[in-house]
Amino acid sequence: MSELVLRTALRDRGGRAAAAPPPLAAPDAELRARIYFGLWIALLATAGFAAGDALFAPDALWLLYPVKALYLLALALAFRALPHARDAREVTRVALVAIALSFLVSTVSAIISRDPLTTPVLASAVTVAGAALVPWTVRAQCAVVALAALAVVATALAGDGGGALLAYPTIVVAACFGLSIYLSHLLGRYRAVAADAERRLRAEAQVSAALARVGRELIASLDAGELLDRLAQLTVEVFRCNASQTWMRDGDGVFRVAAGVSDDPEELTALHALHLPEAAVGALVERLRREGPVTLTPDEVAALPTAALSRRHAVGHVLFLPLRKGEEVVGVHTVVFRGRERALDPTVAHLAAGVAQLSSLALETARLVEAMNAADRLKTEFLANLSHELRTPLNVIIGYNEMLLDGGCGPLNDDQLGVLGRAQHNARELLALMGAALELSRHEGRGVPLVLEPVSVALLVDDLAREVAALPPLAGVTFAPAVPPDLPPLLTDALKLRMILKNLIDNARKYTERGRIGLSAAAADGGVRFAVSDTGYGIPADDLTRIFEPFRQVGGGRTPSGVGLGLFLVRRLAEALGGRVEVESRLGEGSTFTVWLPLRSTPR
Ligand code: ADP
């Protein structure tokens, strides 16, 4: 897949801009860099040879130097031509021409200066070093060896040392030539293996990058419909296919297109109208369950229930991916390529397996979140109904109590009045709690309305302390409110703050058998932190976060009383006031609930 894209890019660029050569692939660029290096060596060697000429053949300089000047010109031309070479072949061609010229110059110089050894030595050095340094093919190396051999033979035939060259040096030169070809053969094999490994690594990296993108985009949505739309769109982009559809199985086992993208809108409309019963696609679904993603050839596609449609819209290969829920296949995602000629890249299989897993996972998560939201809505509705239903009889009870307290049914003694008073007080508390629950559920998802007013913390705590003192005393438990008088007033909803603290004190009273219940307030973090502490049963560490959920009651040492709404309300109310609630607790030692509120609450 990557090579296809790269080749297309090269073709496009090459077609548009003939003057500026396209960038070379990495191995070709390396070859060019090494040839540059070789040209620089040749340049320096020429200077060395020129100095040698001056020393050993001063009489022939008038002939030797023009030859070398011509050679320098040729090297300059090679330097100019190299950046324009478009691939390894053209780079090699420039190098071979430069080498041929080197040998020619060396041969001519050797003949002029009557020096038969320079050319064979140069030929040996160039062939062995060239094979080791220049990463080109065996064929190119054979061409270098042939050029070198020609140069050596020409020098031997034309020079005086022909006889000598047929003996020992000839064997050395031939050995160097053979060695250089063997070396380039070895290097060629090693390079082929390395190039293959690199190609595979690059393909893997591309697959990983594509999967990371699919994963990132899929988890960005928790809505199943939106997620399937994204999946189809992503599939077309990542696989570079012509179309993609997701078939989901409904409760009756019928497969329908839930989302799709196509370069042919008519095809998509027709597919949306199709309903495939499980029996019609059972074999394919079973294969997907067993094997994971499968590719069907055009002939296999023609055997599916969608065959007529596929023929009409020139569908070729199709890749089918299973969307799973556990072991079960709940949907089928397709990657559609048109035309028969397309052969699928092997990396596509990797990509397909990854996409199938990621989309199954994302779909399952979306489904779970949907179920959770539905349960949450149901709970809220239930809460609203419950508090509404309870308020009516509670109001009746409060009414009768009122009548009794007012002496409407005859005079009552002090004890009776006391008991009735406490019953009336608790009934009103319960009514307030129900009212708050109803109000919260009504405003679920929206802001809770606030009635803001300046509240003196010291007065509020005094008031609460008096109220607690009026409650039936708990044997062995003392209540110790402690608030510094200089706390700044809060701009907040007094009723809601009262309800928060009252609930926490009530809980402390419910879950403490002996010791002390404390209520304190202190300035902290630009607001006020209230703390209700007790030396009661404590709460198990695992339950500390759960106790704030509605209807959540935990053991913690004794049977809970109440309905499990108190802390839920506390948290919601504290958040509505712009604050937060935290709890610290040790089983058997007690708990401390802290409520932090800002100095000024703002309606949300
Ligand atoms: P409930 O109506 O059961 O009191 P809450 O929402 O007020 O409901 O409290 C939830 C649970 O948290 C209670 O069932 C209780 O187990 C635990 N809990 C709350 N406050 C305390 C406390 N001060 N000490 C120990 N456990 C507590």
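When a residue number appears, it is its place in the shown sequence, counting from 1. In listed order, ligands and their atoms are each counted from 1.
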> Does Gly536 have a non-hydrogen atom less than 4.0 Å from ligand 1?
Replying inline: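 Per 4.0 Å heavy-atom rule, Gly536 does not contact ligand 1.
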>> Between ligand 1 and Phe593, can you find any atom pair, the residue atom being a heavy atom, that is separated by under 4.0 Å?
In response: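 Under 4.0 Å: yes for Phe593.
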> With backbone taken as N, CA, C and O and side chain as the heavy atoms from C-beta onward, which portion of Tyr537 lies under 4.0 Å from ligand 1: side chain, backbone, both, or neither?
Replying inline: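 Neither; no heavy atom under 4.0 Å.
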>> Can you tell me which portion of Leu504 lies within the under-4.0 Å heavy-atom range of ligand 1? Options are side chain, backbone, both, or neither.
In response: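 Neither part.
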>> Measuring from atom 12 (O) of ligand 1, which candidate in Ile547, Asn503, Thr592 has the nearest non-hydrogen atom?
In response: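 Answer by nearest heavy atom: Ile547.
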> N/O of Leu567 under 3.5 Å from N/O of ligand 1, yes or no?
Replying inline: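 Yes; the residue has a nitrogen or oxygen that sits under 3.5 Å from a nitrogen or oxygen of the ligand.
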Between the side chains of [X] and [Y], does any donor sit under 3.5 Å from an acceptor?
X: His317; Y: Thr295; value: no
X: Ser262; Y: Arg338; value: yes
X: His333; Y: Ser359; value: no

> Which pairs count as salt bridge (Lys or Arg N to Asp or Glu O under 4.0 Å) when at least one residue sits in residues 230-239, sequence neighbours excluded?
Replying inline: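 Qualifying pairs: Arg213-Glu237, Glu226-Arg230.
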> Which pairs pass salt bridge (Lys or Arg N to Asp or Glu O under 4.0 Å) with one or both residues in residues 395-414, sequence neighbours excluded?
Replying inline: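 Pairs touching residues 395-414 that pass the test: Glu402-Arg428.
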>> As a quick check of understanding, evaluate salt bridge (Lys or Arg N to Asp or Glu O under 4.0 Å) for Glu467 and Lys502, giving each step before the final call.
In response: CA-CA 9 Å; Glu467 228 176 84; Lys502 192 70 205 325; 3.6 Å; yes
Relative to the heavy atoms of [X], which atoms of ligand 1 are at a distance of less than 4.0 Å?
X: Lys510; value: 1 (P), 2 (O), 4 (O)
X: Gly538; value: 25 (C)
X: Gly566; value: 5 (P), 6 (O), 7 (O)

>> Measuring only between side-chain heavy atoms, which start at C-beta, is Val468 closer than 4.5 Å to Ile505?
In response: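 Result yes, sub-4.5 Å side-chain heavy-atom pair found.
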